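All remarks here apply to the structure that follows.
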Amino acid sequence: MRQSLLALLAKEPAHGYELKQALETIFGSAYPSPNIGQIYVTLGRLEKDGFVRSVDVEQANRPNKKVYYITATGREALETWVEEPTEGPRVRDEFFMKLVLAPMTGLSDRMALMNRQRRHYLALMRDLRELADQTDPANRVALLLIEGAMLHLQADLDWLERCQEDLP
Amino acid sequence: MTRVAELRWVRADLRARRGQAALTVLAVAGIVTALIVAATLLEDGTNPWRGLFARSNSAHIWIHSKDVPDVSALRGLNGVTDVAGPYRSAPATLVTRGRRVPITLQETPAALPAVARPLLREGRWLDVRTPNAVVLERSFARAFGLRPGSPFSVTGLNGATHELTVAGLAESGDQGFYPEWTPGLAWTLARTLDVVEPAQGRTETVTGLRLADAAATDLVVQRAVFTLRNQVQRVTTWREVRASMELDNRLLGLLLALFGGAGLVAAALALANAAGGRVLMQLRDIATLKSLGFTRGQVVRMLVVEHGTLGLLGIAAGAVAARLITAYAMGETVVVPLSAGPLTAIIAGTSLTVLAAVLIPAWRGGRTPPIPAAPAAPPRGHLSRLARVALLVRLPPALVLGARDAFTRRTPAALTVCGVAIPMMMITIGLGCWATLDDFVRHPERVGQAAALSLRPAELTAEEARQRAMADPDVVAAYPGAELDALVPWQTRTVRTRALGLSSDPYPFPVVEGRMFAERGEAVAGQGLLDLLGARIGDRVRVTIGGTPLIVRIVGRAIEPEQDGEVLSFGVDSLATKDALPPQFYALVLRPGADPGQVRARLQGQGLDVAQAVNPADRLAVIRVVIVALVAVLALIGLASLLTASALGLRDHVLDLAVLKAMGLTPRQVMATLVTATGLPAAVGVVLGAAAGASCSRWLIDLEGRGSGVGAGIGQAPTPGMLAATIVSAIGAALLVALIPARRAARARLPVTAR
Amino acid sequence: MTDTPVVRAVNLVKIYQTGALPVPAVRGADLTVDAGEFVAIMGPSGSGKSTLIHMLGGLDTRTSGEIWLDGRRADTLSESGWAVLRREKIGFVFQFFNLVASMTVADNVELPALLGGAPPRQARERREYLLGELGLADRADASPAQLSGGEQQRVALARALANQPRLLLADEPTGNLDSRNTRDVLRLLGKVHTQGQTIVLVTHDARVASMADRVVSLLDGQIVDDGAIPKSRRRPAGGVGDVVELRS
């Protein structure tokens with residue numbers, strides 16, 4: 001979340017609630033709705049690290065609000081984040097552990113495990129599909145995010161198939 | 001209702017390939033046209049009666065009576081539509097070059113009559129201003145070398161001679177050809193007839209009846225005879241006239257049958273190829289249709305309907321085209337369209353062939369499993385052996401690729417090879433027939449016509465005539481001869497025996513089996529005679545000539561184009577003296593290169609009676625027309641097969657093409673690849689077909705010869721030059737045909753993905 | 001819904017005879033599909049999925065076992081018997097669309113109705129309705145080659161539905177489509193399914209399979225799993241998803 005907030009602040013100074021709204025608009029329902037408290041906690045940490053500064057702005061009839069803006073150090077940190085390559089997904093799948101280890105314990109047979117997992121994946125896929133259907137078609141970012149998730153899920157299913165073929 | 005679905009598909013498919021469909025129709029139409037025209041020519045050529053009868057609007061029945069019959073009674077007979085005459089007719093004798101020939105003079109009006117109208121061929125018709133003129137029946141005039149303007153001296157029964165002149169020559173459907181039909185006929189005006197035969201009692205009256213239905217002839221004859229009571233002296237009918245005009249046309253008929261068969265095979269092939277190729281291209285669609293719920297029967301039915309319709313359409317178009325051609329383009333030579341029998345046979349035969357040819361691919365289509373496979377990819381064959389050889393000899397890569405593609409798909413490759421080879425084989429056989437005919441003309445001695453002329457002594461003594469003939473510088477030899485009819489044992493019919501030359505100095509018969517006769521009592525025979533008697537070389541046969549038995553041993557077989565080969569030939573000395581002396585005629589062998597016509601004219605000028613032999617090739621001239629037409633049609637069929645093949649090949653290569661281009665082949669190389677892929681099987685087909693044709697044409701023609709009685713030994717293979725020219729032009733045409741789609745494909749931008 | 005299942009396969013076996021070697025493709029499959037059900041068949045390539053669905057549609061013959069369609073024994077039918085059954089009760093969709101190349105879109109869609117014996121007018125009306133539903137009304141006179149893959153597959157679907165079949169069989173219907181076209185086809189499948197269409201489809205695509213009520217897994221020609229896709233425990237409430245968390 002740190003980098004997302006920094007990126008938003010690099011665009012323009014904003015207060016915490018504005019940041020929460022911006023995140024929701026951009027990523028849509030595909031992204032877990034950020035908790036406002038969490039945002040303030042993160043902003044506090046960023047300020048402590050010297051990446052952002054805040055100024056109090058007075059408001060009529062309401063308490064002062066804190067507007068955050070990015071510092072030179074913050075901009076530098078953001079640049080580093082953007083420039084460094086992002087790690088690919090790590091295959092240290094929990095299910096795979098189950099699949100390999102469970103039969104040894106005699107707790108479950110592999111076939112049942114795999115079948116159950118497949119159905120679960122399909123259920124997840126159905127959720128994603130329904131989610132995609134409910135998403136505003138104009139929201140490309142959100143839809144792409146959902147599609148990414150679907151492709152990962154497809155890959156998991158294909159992998160499952162491979163496991164089923166090759167694990168005795 | 002499900003028919004609607006079938007028809008919808010057939011319609012859509014035809015619409016999707018209009019050009020190909022049109023080509024199929026054209027090919028079939030061409031074959032049917034060629035067949036019908038050839039048969040019409042044959043019918044007309046071998047039996048001119050139909051044409052003459054129709055053109056001269058002849059009478060079906062001629063009644064010869066003593067007096068003028070009751071014409072109105074005859075006209076009133078049921079079935080009689082018109083009456084010719086009655087005309088007076090008188091017997092007389094023609095005196096020409098010292099010979100006396102019986103003739104019939106028949107009265108005829110100066111204006112050509114509507115019924116039984118003689119057809120003027122040369123000269124003028126009779127005219128009241130030139131009463132001393134006659135018009136002669138043409139075959140009779142020919143036999144005596146009479147032409148318009150020739151003097152014509154006639155002796156009446158009273159012995160008086162009248163000098164008349166030949167005004168013209170005419171043909172008629174009322175009188176057979178001379179000498180089969182005697183006496184010869186001369187038309188004169190009534191006045192001339194009165195002069196020659198003034199006595200009414202010595203003339204008879206002829207009256208012609210034209211009938212509505214030729215089949216009613218016998219009935220009308222009966223009624224006419226009954227109506228006229230005792231007046232009728234004799235009656236002739238069109239049947240007798242027709243019989244006298246019929247030529248021995250067995251060889252011609254057999255040759256035509258051969259070509260007809262070839263044409264049918266070619267038509268079947270064209271259709272099977274087109275339909276087969278189409279089915280092969282549509283296997284996926286057919287599978288889809290079956291997955292939709294089309295049954296096997298429905299698929300077969302659809303394919304048969306589609307391709308069969310094209311074939312039947314072609315047949316109909318061909319029949320119409322043939323009718324038009326014979327009516328307009330050949331209006332001069334052919335008058336009567338083909339009679340119903342052969343026409344029905346041709347149409348029914350081609351229809352059956354078409355259906356049979358279509359049934360096979362249709363059945364194949366029906367057997368397609370209903371699972372539509374992935375877009376058909378050509379089988380990834382290994383380099384064929386041929387391609388490997390091509391690589392070894394370092395041919396350009398485009399050729400190697402093409403050679404590889406040419407035979408990866410076995411079935412289409414085989415289809416292409418056959419589709420080209422069979423028409424090519426037929427063409428070669430046609431050329432063989434052509435060469436055989438040429439050989440007849442160039443070397444008449446090989447068909448028993450070493451002597452171009454035959455000399456009849458007439459009023460001279462035989463020896464005198466011979467000496468006069470031999471005096472001519474162009475006459476090399478004169479063989480004494482006699483032609484006599486002989487009865488053969490257990491046969492009610494006679495065969496021709498020909499005594500020619502001496503046993504010690506035989507006439508050069510073309511003996512192809514056994515040996516020439518060398519002494520008295522030996523003979524050579526035509527194939528027809530051997531077949532008739534069931535005899536073999538070495539057998540003794542006994543025939544009876546004029547009551548005298550003659551036993552000869554057959555020592556050889558000669559080529560015998562006359563009398564369907566039913567001729568026995570031996571030396572004059574084998575005959576009984578009464579038959580042998582004096583010889584009936586001399587066969588004159590001319591110096592090579594001498595023009596028989598000129599020699600004949602010279603000898604005729606010396607008062608000799610000389611006839612010129614008719615070369616069998618002249619009688620078979622119609623075959624040449626048939627050969628040309630057939631070659632054209634066969635070429636068309638070959639092209640159709642090639643187009644199918646190249647379309648199929650292209651479909652297989654659409655995917656490859658993109659890859660080849662990606663690999664860096666230039667459009668020219670791509671084109672070369674495609675042309676090689678189609679052209680190679682075509683070239684193989686051409687060469688195979690030519691080889692097969694060349695090797696079997698001789699055998700086949702000999703077979704024909706044997707069947708027709710002429711005997712084996714006449715067949716000639718096409719000349720090497722002719723064959724080479726044909727092969728080169730066929731391969732050239734094939735490459736050209738392959739080039740057009742290849743060019744288009746090579747230029748086109750092709751997607752890399754399927755569909 | 002009736003009690004008789006639309007499809008019932010009992011101990012279905014298919015053995016291909018290639019040369020001297022018998023190759024089993026399906027080894028004793030038992031499958032029942034009730035009316036209105038949507039069943040997805042999954043499995044690695046070569047597991048016999050296509051063979052199974054081809055046998056259910058009579059496109060391929062079974063070596064042994066029974067097939068009951070709509071309460072009628074079908075495996076004993078002749079080839080043409082199957083053809084008649086297909087035109088009345090089964091719609092088929094293939095991976096490569098398989099529109100009849102020489103016919104227009106309209107003709108392709110009308111063909112099954114005409115084959116089923118419908119009068120041409122009725123066939124045309126049905127075609128107009130279907131193409132309208134699929135948003136292809138303006139492409140009626142186009143030839144299949146002029147259509148994109150997605151459009152072709154939609155036409156193929158319209159054709160399969162032309163006779164309102166009891167059973168819709170599909171073999172990798174999206175196997176050759178990009179994701180946008182896949183979505184269009186899926187939406188259509190979902191739509192006809194909600195209208196009560198019984199569907200059995202073979203697929204590799206999890207998105208397609210997730211549409212189904214039930215998933216059947218094949219492995220080496222045997223059914224190793226057959227069961228409903230469970231309701232997700234984590235129902236996304238009110239459209240607020242947590243995709244990122246799903247993947248975390």
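Just so you know, these numbers come straight off a predicted model, no measurement behind them. What's counted below: heavy atoms across the whole structure, side chains too, no hydrogens, waters or symmetry copies.
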Please report the interatomic distance [atom1]([X]) to [atom2]([Y]), rounded to the nearest 0.5 Å.
{"X": "B/T295", "Y": "C/W82", "atom1": "OG1", "atom2": "CH2", "value": "15.5 Å"}
{"X": "C/T104", "Y": "B/R15", "atom1": "OG1", "atom2": "CZ", "value": "8.0 Å"}
{"X": "B/R11", "Y": "C/D107", "atom1": "CZ", "atom2": "CG", "value": "6.5 Å"}

Practice prompt. With sequence neighbours excluded, give me every salt bridge (Lys or Arg N to Asp or Glu O under 4.0 Å) pair touching residues 168-179 of chain C.
Written response: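 Output for this query is empty, none listed.
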Discussion item. Applying salt bridge (Lys or Arg N to Asp or Glu O under 4.0 Å) as the test, list every pair that has at least one member in residues 82-105 of chain C; sequence neighbours left out.
Written reply: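 Found C/D70-C/K89.
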Item to complete: Give, as side chain, backbone, both or neither, the part of B/A12 having an atom under 4.5 angstrom from any heavy atom of chain C.
Response: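 It is both, since atoms from each part get that close.
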Fill in: Toward chain C, the part of B/Q298 with a non-hydrogen atom under 4.5 Å
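Contact with chain C involves the side chain of B/Q298 alone.
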Worksheet item: In terms of heavy-atom proximity below 4.5 Å to chain B, should C/E110 be classed as side chain, backbone, both, or neither?
Response: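 For C/E110, the contact with chain B is made by the side chain alone.
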Worksheet entry | Greater than 12 external heavy atoms within 6.0 Å of B/R367's CZ |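 At most 12 heavy atoms, drawn from other residues, nucleotides or ligands, come within 6.0 Å of this atom.
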Fill in: Intermediate values then yes/no, side chain to side chain contact (heavy atoms under 4.5 Å, CB included), C/N108 and B/R8
CA-CA 10 Å; C/N108 261 290; B/R8 187 89 48 116; over 6 Å; no
Practice prompt. Check step by step if side chain to side chain contact (heavy atoms under 4.5 Å, CB included) holds for B/F294 and C/L111.
Written response: CA-CA 10 Å; B/F294 278 84; C/L111 202 58; 3.9 Å; yes
Worksheet item: Which residues in residues 71-80 of chain C have a heavy atom less than 4.5 Å from any heavy atom of chain B?
Response: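 C/E79, C/S80 fall under the 4.5 Å cut-off.
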Worksheet entry | ring-ring contact (aromatic ring centres under 6.0 Å, His included) involving C/H193 - partner list, sequence neighbours excluded |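 So C/H193 forms a ring-ring contact (aromatic ring centres under 6.0 Å, His included) with C/F38.
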Worksheet item: What heavy-atom pair brings C/L115 and B/A5 nearest, and what distance separates the two atoms?
Response: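 Nearest pair, atom of C/L115 first, then B/A5: N-CB, 3.7 Å.
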Worksheet item: What is the minimum heavy-atom distance between B/L289 and C/V100, and which atoms define it?
Response: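 Closest pair (atom of B/L289, atom of C/V100, distance): CD2-CG2, 3.7 Å.
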